[in-house]
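A short worksheet on the structure shown next.
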2 protein chains.
Amino acid sequence: MATIRDVAKLAGVSVATISRYLNKSGYVNADTELNIKHAIEKLNYLPSGVARGLAGKSTKTFALILPDISNPFFPELARAVEDVASTYGFTVILCNSDGQIGKEKNYIDILKSKNIDGIIFASNTLGQEDVDKLASFNIPFVCLDRAPTNKSCSVVRSNNREGGRLAVKHLLESGSKKIGHIYGPQDLIPAKERLIGYEESVRAFDWFSPSLMVQGDFGISGGIKATEELMRRHPDIDAIFAGNDLMAVGALKALHRMGIQVPGQVVVCGFDGINMTEITEPELTTIAQPIYDMGALVSRILIKKIEGTIEADQIYELDVTLIPRESTKRSG
Amino acid sequence: MATIRDVAKLAGVSVATISRYLNKSGYVNADTELNIKHAIEKLNYLPSGVARGLAGKSTKTFALILPDISNPFFPELARAVEDVASTYGFTVILCNSDGQIGKEKNYIDILKSKNIDGIIFASNTLGQEDVDKLASFNIPFVCLDRAPTNKSCSVVRSNNREGGRLAVKHLLESGSKKIGHIYGPQDLIPAKERLIGYEESVRAFDWFSPSLMVQGDFGISGGIKATEELMRRHPDIDAIFAGNDLMAVGALKALHRMGIQVPGQVVVCGFDGINMTEITEPELTTIAQPIYDMGALVSRILIKKIEGTIEADQIYELDVTLIPRESTKRSG
DNA sequence: TCATGATGTGGTACCGGTTACACATGAAAT
DNA sequence: ATTTCATGTGTAACCGGTACCACATCATGA
């Protein structure tokens with residue numbers, strides 16, 4: 001590979017001039033510019049990002065740390081992140097943390113050694129020590145779905161509580177008389193918020209009882225188990241609001257196995273808006289997060305932070321939308 | 001951040017010794033080693049991967065180029081690739097090419113400038129010029145699902161033709177009398193091979209006709225369209241073999257809309273074994289590729305190539321397996 | 001006429017590692 | 001006693017860029 005010195009030699013100028021030309025910093029004569037252009041073309045010269053990185057410049061790379069790319073929520077997010085990154089000339093490193101704090105710390109060290117420009121955390125296990133570590137490393141980062149208490153960290157999330165309310169409202173309007181809720185792990189902020197949204201909306205009803213709320217694990221099998229438990233406790237339930245789509249899919253499966261008609265006897269509403277909801281039978285009503293938009297936004301925010309063109313850390317809360325489908329469509 | 005020279009100063013030795021210690025190259029006295037260890041700990045020293053990369057060593061990074069991470073086939077693959085990479089100390093850059101050769105070329109340049117160690121192509125659009133470019137850049141790479149003609153490139157794929165035969169065999173055994181096939185884009189080798197497997201297995205039957213084969217686009221909506229077309233041409237069909245799971249899902253949807261019972265009137269078999277096949281109603285019979293294994297293998301091969309511990313380029317063909325589920329379960 | 005500032009360019013230290021080479025020392029082999 | 005070799009360590013060039021500083025040249029304004 002040709003280096004900047006080769007180009008300089010061929011163009012008959014110094015490396016400094018080439019560098020100025022490449023970065024459009026400082027003056028370069030029009031004729032010189034042409035010579036350089038030709039030399040670069042002739043040599044097929046490509047500046048080394050590594051050398052640039054070492055010389056203290058941006059490596060034009062950031063990392064996306066998420067629990068597991070094979071969880072259906074994340075591919076769309078990752079796609080959005082990478083789309084925005086690539087239009088700004090950035091490259092994305094993918095990290096699966098499995099929500100394990102150890103793995104996450106390990107990634108942070110490796111990423112630091114690679115001198116990456118920033119990190120997007122779509123993982124929920126980020127502790128205060130990690131934040132401190134990142135701060136000490138001076139690595140810009142942005143979070144998804146974090147608590148609002150974090151200083152020095154912008155957060156993108158959607159209005160999960162409002163989503164919970166929206167789900168209940170829709171279920172009531174579609175004629176439900178008794179609504180159960182399968183909630184996700186309570187160390188995850190979104191799961192907590194959705195639960196609160198549900199609880200706020202239903203506690204005034206005389207049919208409400210805390211036993212209508214069952215914990216799931218945000219996975220399909222957890223949704224199945226929780227649904228079985230819920231139907232055991234309350235066989236008269238006619239609606240289930242699941243804390244995410246995967247558990248809603250589990251609910252659909254469990255109800256099907258029990259011979260309970262959806263939406264005939266029980267209606268089901270999920271949360272997230274992953275693609276999977278379109279292929280279930282019946283198709284799944286869900287409270288959709290703008291997943292792609294969230295990814296694009298978080299990516300854009302990080303890039304702004306990296307480039308220093310952002311003011312202060314901030315919480316960006318995006319609206320969720322109800323997507324009504326068959327699973328909550330009562331014939332009556 | 002502390003540098004190697006800081007460590008050298010604190011440990012009272014030269015940078016060369018530190019470097020030898022870090023890389024376990026050359027001799028280091030036991031006492032010296034201890035001193036260095038302490039100095040590193042005290043200074044919280046982390047070697048710069050960037051500097052190493054510039055000094056001609058591996059960047060411990062490779063890229064995964066795929067069409068679209070949000071296509072359900074790829075997250076599991078990506079997960080496997082990253083799992084193996086991280087256990088070997090490598091980091092993975094994610095690139096979505098959308099199958100566009102321009103984007104791919106662009107990525108290759110960027111990746112070269114980042115001095116990455118290798119590339120995995122899970123994208124099907126790699127042309128000869130790209131191969132040449134990679135060769136001239138001297139970047140090791142491994143492909144998924146490529147034609148066997150490629151020299152200087154190992155290929156991992158599964159036995160797609162056998163999979164096509166397997167699907168037909170299973171459909172016949174489950175009592176099908178007339179089997180249609182929805183095939184994928186013929187510029188994709190796997191789609192072609194599956195079609196051949198199908199054709200080989202059915203052309204001897206008197207019910208066979210070329211019009212039983214309809215083209216789809218490997219997507220859900222393409223599967224729907226193709227199914228409609230297929231049923232228009234041959235309303236007496238009682239089995240559909242779709243070239244991939246997404247189109248099989250589309251078939252399920254289309255048949256459902258037409259009021260055709262699955263598996264009662266028509267049975268459906270997909271191909272790939274993506275997770276989605278477990279959540280359809282009925283659950284989808286499919287010819288499963290060992291997706292995770294393929295990702296893990298391709299990742300391991302690339303790493304071996306990078307580390308120079310691999311012999312020759314080779315084709316690795318993995319077996320597919322039939323996963324029989326409800327969608328082909330005839331009661332009769 | 002001379003100071004001033006815009007334009008244009010080169011020299012070189014530096015980023016933080018790696019590594020070839022030189023140079024010790026001490027023990028074993030001849 | 002001398003060669004030989006394993007052990008142990010330091011010096012400094014190098015990887016390929018960036019950027020500070022010095023130094024021209026030339027037009028303009030005082």
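Note that the structure is predicted; figures quoted are calculated from it, not measured. Letters A, B, ... mirror the listed sequences (proteins, then strands); counts begin at 1.
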Pull out every protein N or O sitting under 3.5 Å from an N or O of nucleotides 4-7 of chain D, one pair per line with the distance.
unit_1: dT7(D); atom_1: OP2; unit_2: Tyr27(B); atom_2: OH; d: 2.1

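- Nucleotide dG8(D) holds its P atom 10 Å from the CD atom of Glu33(B), rounded to whole Å.
- In this structure, Lys37(B) is not positioned above the aromatic face of Tyr21(B) in the sense of NZ or CZ being under 6.0 Å from the six-membered ring centre and within 45° of the axis.
- Between the P atom of dG17(D) and the CG atom of Asn23(A) lies a distance of 11 Å, rounded to the nearest Å.
- Mapping Ala16(B) and Gly12(A) onto DNA chain C via the closest heavy atom, the residue that lands nearer the 5' end is Gly12(A).
- In this entry the distance linking CD1 of Ile18(B) with P of dG10(D) reads 9 Å, nearest Å.
- Side chain to side chain, Asn115(A) and Thr59(A) fail the donor-acceptor criterion of an N or O pair below 3.5 Å.
- Interatomic distance, CG of Asp68(A) versus CD of Glu76(B), reported as 9.5 Å (0.5 Å rounding).
- Distance Lys9(B) NZ to dG16(C) P: 13 Å, rounded to the nearest Å.
- To the nearest 0.5 angstrom, Glu33(B) atom CD is 11.0 Å from His38(B) atom NE2.
- Within 4.0 Å of Thr32(B), counting heavy atoms only, lie sugar-phosphate atoms of the nucleic acid but no base atom.
- One can place CZ of Arg20(B) at 9 Å from C1' of dT19(C), the figure rounded to the nearest angstrom.
- In this structure the side chain of Val142(B) never reaches within 4.5 angstrom of the side chain of Asp313(B), judged on heavy atoms.
- Within 6.0 Å of NZ in Lys103(A) there are more than 12 heavy atoms belonging to other residues, nucleotides or ligands.
- Near DNA chain D, defined here as any heavy-atom distance below 4.0 Å, the residues from residues 34-59 of chain B are Leu54(B), Ala55(B), listed numerically.
- Between Thr17(A) and the phosphate of dT9(C), there is no side-chain N or O to OP1/OP2 separation shorter than 4.0 Å.
- Counting to the nearest Å, the P atom of dC15(D) and the CG atom of Asn115(B) are 14 Å from each other.
- Taking 4.0 angstrom as the limit, Ser25(A) places none of its side-chain polar atoms (N or O) nearer than this to OP1 or OP2 of dT18(D).
- OP1 or OP2 of dT18(D) sits under 4.0 Å from a side-chain N or O of Ser19(A).
- A distance of 13.0 Å separates CG in Leu77(B) from CD1 in Ile274(B), rounded to the nearest 0.5 Å.
- Note: Phe90(B) and Phe62(B) have tilted aromatic rings, judged against thresholds of 30 and 60 degrees for the angle between ring planes.
- Using a cut-off of 4.0 Å between Lys/Arg side-chain N and Asp/Glu carboxylate O, Asp98(B) and Arg79(A) are scored as salt-bridged.
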request  = Starting from the C-alpha separation in whole Å, work towards a yes-or-no answer on side chain to side chain contact (heavy atoms under 4.5 Å, CB included) for Asp109(A) and Phe137(A).
outcome  = CA-CA 9 Å; Asp109(A) 278 347; Phe137(A) 279 170; 3.7 Å; yes
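- Distances shorter than 4.0 Å separate none of the side-chain N or O atoms of Thr3(B) from OP1 or OP2 on dG16(C).
- Checked by distance alone, Arg5(B) brings a side-chain donor or acceptor within 3.5 Å of a matching partner on the base of dG17(C).
- Across the protein-nucleic acid pair, Ile4(B) atom CD1 and dT19(C) atom P stand 11 Å apart, rounded to whole Å.
- We find that CG of Asp6(B) is positioned 13 Å from C1' of dG17(C), with the value rounded to whole Å.
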